[in-house]
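Report on the structure given below.
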2 protein chains.
Amino acid sequence: MPAVSRPTSKDVAHEAGVSQSTVSLVLGGKWNGRVSPATVRSVRSAAERLGYRPNQAARNLRLGTTRTVLLMVPTLSAPFFGPVYTGAARVASQHGFGVVVSTWPDDAAGPADGPFAAPQEAIDGILASSMAVEALGEFRGTPAVMLDSGPDGAIPTVDFGVADGMRAIAGHLTGLGHRRIGHVAAGVDQWTFHARAAALAAVVADLPGGVLTRADCAIDVTAAKDAATRLLTAADPPTALVCDDDLIAAGAYKAARALGLDIPSDLSVTGFDDVLLATALEPELTTVRLPAGELGAQGMTALLDLLAGHHPAPRVLPGELVVRGSTTTPRTG
Amino acid sequence: MPAVSRPTSKDVAHEAGVSQSTVSLVLGGKWNGRVSPATVRSVRSAAERLGYRPNQAARNLRLGTTRTVLLMVPTLSAPFFGPVYTGAARVASQHGFGVVVSTWPDDAAGPADGPFAAPQEAIDGILASSMAVEALGEFRGTPAVMLDSGPDGAIPTVDFGVADGMRAIAGHLTGLGHRRIGHVAAGVDQWTFHARAAALAAVVADLPGGVLTRADCAIDVTAAKDAATRLLTAADPPTALVCDDDLIAAGAYKAARALGLDIPSDLSVTGFDDVLLATALEPELTTVRLPAGELGAQGMTALLDLLAGHHPAPRVLPGELVVRGSTTTPRTG
DNA sequence: GTCCGGAAGTGGTACGTATGACCGGTCGGG
DNA sequence: CCCGACCGGTCATACGTACCACTTCCGGAC
């Protein structure tokens with residue numbers, strides 16, 4: 001406990017020889033024509049001299065608002081959500097809002113392994129990843145925006161156009177001549193992955209001679225390697241692997257190398273997200289760029305709209321196909 | 001603004017037919033022998049029925065403490081600091097503390113590009129990365145712990161043993177027979193990088209025939225590729241590249257590939273940190289594992305100690321050399 | 001019958017801020 | 001000469017909680 005307590009507005013008032021109300025007026029900027037310039041100067045200099053910082057707890061109590069929102073994401077240890085936080089925090093900061101984060105504890109596999117860490121602060125609103133939807137019940141009544149959760153009637157949403165992204169991937173591969181396609185899928189029960197799988201399946205089903213095989217795995221390099229190996233060692237193996245995530249693609253690379261397959265001449269591989277990893281791999285990964293920072297920023301914008309009383313329209317951020325060196329025409333024969 | 005205001009302890013008191021004081025007593029757990037079991041049950045059920053959640057702002061004001069600490073790191077978009085946050089948040093949560101984060105805005109290159117986003121909440125303490133040291137002045141008087149900043153007389157610190165780690169790297173390479181070593185250094189004016197450079201230089205200086213060259217770059221794959229290319233295209237190029245960071249090593253891989261050099265047979269490469277990327281590279285990267293999550297956890301532990309009135313001793317977390325496929329004996333001749 | 005003391009709970013207040021309601025003085029217009 | 005408007009501020013209160021000091025009830029001891 002700090003032995004020296006911080007100065008209050010009353011201390012500033014005493015120092016400046018005015019009342020506490022006047023201090024609040026001046027420092028709150030509400031003094032248009034109510035306070036003389038001389039007094040304003042004197043109050044400001046007194047505050048400066050004492051190093052006065054307003055007590056946020058008292059202000060929050062008085063105003064009934066905290067100008068703070070809660071961001072709920074599964075983890076910040078994985079690559080994707082860091083930029084989401086950054087984008088959200090930037091927009092929040094521009095509007096004078098703070099952000100507190102809540103994640104699954106210990107990078108657990110899911111919310112069943114423990115509750116989100118509850119913030120000690122009161123919050124005005126919630127920006128929640130779809131993977132946090134179960135934990136939202138704790139905060140019934142708090143305005144919320146969901147990220148990447150699919151259209152929802154009750155809660156405003158900001159989504160990626162993952163189906164379009166997956167169609168672009170599939171179109172790219174089939175355009176190159178691939179017919180036997182393997183889907184290394186994230187074994188996670190989330191809208192975004194269901195939407196990707198459905199989009200891919202639809203494209204392959206419409207393709208004469210198209211064959212789609214599938215293996216599920218956790219979003220983890222090692223698990224992905226195993227899943228990809230299963231697909232590649234089956235009879236009549238695919239000539240291209242479509243991975244639900246760049247990390248999964250990294251596992252597919254490992255599987256291919258272990259089997260002596262060259263990427264892309266023996267096997268085309270695609271990812272999803274375009275995290276830093278995608279350009280560090282060799283060859284660089286063909287993937288769909290999901291603007292994670294933009295998701296956070298647009299989500300925060302929607303949430304602030306909601307807090308301001310407007311009901312924001314659902315937004316969809318397009319993914320962009322980024323063709324790099326991991327895809328080419330299949331080996332003939 | 002939500003039209004329906006949350007119930008207060010007064011509402012609960014009315015519902016249970018007791019006074020607000022009693023509600024506070026019961027829900028605060030301070031009722032040992034002061035309140036009858038029947039009343040306790042009735043208060044608890046009333047709180048449950050109304051969905052009562054204590055107003056944190058009021059509690060913070062009354063108690064003069066927020067049970068919240070501020071974590072200052074340069075960014076959460078880069079791989080390293082996510083686990084730091086996770087470790088810190090886990091320990092904080094176990095002690096009933098919350099965490100708010102402050103980063104450089106927009107992933108700027110440094111604090112000069114703008115202030116850290118100030119949290120809207122009052123905080124009890126600060127856990128700051130060394131890269132945030134400049135911003136610490138705003139919070140003069142708040143208890144703080146520095147991470148990865150080197151020994152400091154005034155502020156408790158938690159550091160990595162980066163010098164030992166670098167000596168392990170250097171010993172590994174020289175033990176393999178390398179004599180001409182290139183240092184792809186992070187061009188960042190921080191204790192941790194100075195310590196790494198000094199440790200490496202000392203080992204090479206003690207080595208008969210040892211030659212150390214150096215190129216600086218930002219912690220960024222593209223910039224690292226350029227820097228590594230400069231070293232590798234010089235006369236009498238190094239047989240091993242020591243990189244200050246795994247991301248820099250990824251750039252070195254790209255430079256080697258562009259020059260037609262095989263890793264490790266033509267060139268050994270080492271990294272630092274052991275982020276996810278290290279095992280996704282091919283071949284997997286020899287590096288020093290810095291336990292980022294442990295840094296956050298130990299730092300938070302030290303900070304909570306400090307808040308409890310104990311002055312924590314400086315702590316040093318050892319780095320561990322992880323030998324993978326990117327290093328071998330230099331090509332003879 | 002009086003007094004004591006513990007059990008069970010209540011009243012009142014303070015934390016620091018923001019703000020609506022006041023208030024004394026001056027000045028110009030009617 | 002009086003009244004209202006306006007300037008430049010102050011007073012008092014409320015936000016919701018935690019906790020100290022106090023009261024009331026009641027069973028027993030003397």
Side-chain angles (χ1 to χ4, degrees), chain A residues 1-2 4-44 46-47 50-68 96 120-124, chain B residues 1-2 4-44 46-47 50-68 96 120-124:
Chain A
M1 61 191 75
V4 50
S5 58
R6 305 180 65 81
T8 74
S9 59
K10 200 173 296 184
D11 299 328
V12 175
H14 190 253
E15 172 85 8
V18 298
S19 75
Q20 181 268 332
S21 315
T22 306
V23 173
S24 182
L25 241 49
V26 170
L27 269 44
K30 300 290 185 190
W31 54 279
N32 302 54
R34 323 271 311 161
V35 181
S36 74
T39 307
V40 169
R41 273 194 302 275
S42 127
V43 167
R44 289 208 171 127
L50 298 181
Y52 170 70
R53 312 282 298 172
N55 181 316
Q56 293 290 347
R59 154 174 288 185
N60 291 343
L61 174 59
R62 175 66 227 245
L63 296 179
T65 182
T66 57
R67 296 190 81 75
T68 296
Q120 298 300 309
E121 307 296 337
I123 53 170
D124 289 349
Chain B
M1 59 191 78
V4 50
S5 58
R6 304 180 65 80
T8 74
S9 59
K10 201 173 293 185
D11 298 329
V12 175
H14 190 253
E15 173 85 7
V18 298
S19 76
Q20 183 268 331
S21 315
T22 305
V23 173
S24 183
L25 239 50
V26 170
L27 269 42
K30 301 289 185 192
W31 54 279
N32 302 55
R34 325 266 312 159
V35 181
S36 75
T39 306
V40 168
R41 273 195 302 276
S42 128
V43 168
R44 289 208 171 126
L50 297 181
Y52 170 69
R53 314 280 300 171
N55 181 316
Q56 294 291 347
R59 152 174 287 180
N60 291 344
L61 174 60
R62 177 67 230 247
L63 295 179
T65 184
T66 57
R67 296 190 81 74
T68 296
Q120 298 299 310
E121 306 297 336
I123 52 169
D124 289 348

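Here is the naming used below: chain letters follow the sequence lines, and residue numbers restart at 1 for every chain.
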Open item on the list: Measure NZ/Lys10(A) against P/dG16(C) and give the value in whole Å, please.
Closed with: 8 Å
TODO: Nearest whole angstrom, please: distance from the P of dG16(D) to the CG of Asn55(A).
DONE: 17 Å
TODO: To the nearest Å, give me how far apart CG (Asn60(A)) and P (dC15(C)) are.
DONE: 18 Å
Task: Interatomic distance where NZ belongs to Lys30(B) and P belongs to dG9(C) [whole Å] - done: 19 Å
- [ ] Sugar-phosphate means primed atoms, P, OP1 and OP2; the rest is base. With that split, encode nucleotides 6-11 of chain D 5' to 3' as B, S or - using protein heavy atoms under 4.0 Å.
- [x] --BBBB
Task: Residue closer to the 5' end of DNA chain C, Leu27(A) versus Leu61(B) (nearest nucleotide) - done: Leu61(B)
Open item on the list: From CG of Asp11(A) over to P of dT17(C), roughly how many Å is that when rounded to an integer?
Closed with: 9 Å
Task: Nearest non-hydrogen partners of Val43(A) and Val23(A), listed with the distance - done: CG1-CA, 4.1 Å
Task: Audit row: Thr8(B), Asp11(B), side-chain contact (heavy atoms from CB on, under 4.5 Å) steps and yes/no - done: CA-CA 5 Å; Thr8(B) 74; Asp11(B) 298 329; 3.6 Å; yes
TODO: Show your working on side chain to side chain donor-acceptor pair (under 3.5 Å) between Ser19(B) and Thr22(B) and close with a plain yes or no.
DONE: CA-CA 5 Å; Ser19(B) 76; Thr22(B) 305; 3.3 Å; yes
TODO: Locate the shortest heavy-atom distance separating Lys10(A) from Gln20(A); write the atom from each residue and the value.
DONE: N-CG, 4.2 Å
Task: Residue pair Asp124(B), Thr66(B): steps toward the side chain to side chain donor-acceptor pair (under 3.5 Å) verdict - done: CA-CA 6 Å; Asp124(B) 289 348; Thr66(B) 57; 3.1 Å; yes
Task: Spacing between Arg67(B) atom CZ and dT17(D) atom P, to the nearest angstrom - done: 18 Å
Task: Euclidean distance, atom CZ of residue Arg59(B) to atom P of dT17(D) [Å, nearest integer] - done: 9 Å
TODO: Measure the distance from CG on Leu50(B) to C1' on dG16(D) and round it to the nearest whole Å.
DONE: 15 Å
Task: side-chain contact (heavy atoms from CB on, under 4.5 Å) involving Ser42(A) - partner list, sequence neighbours excluded - done: Ala16(A)
TODO: Identify whether any heavy atom of Thr8(A) sits under 4.0 Å from a base atom; if not, whether one sits that close to sugar-phosphate; answer base, sugar-phosphate or nothing.
DONE: sugar-phosphate
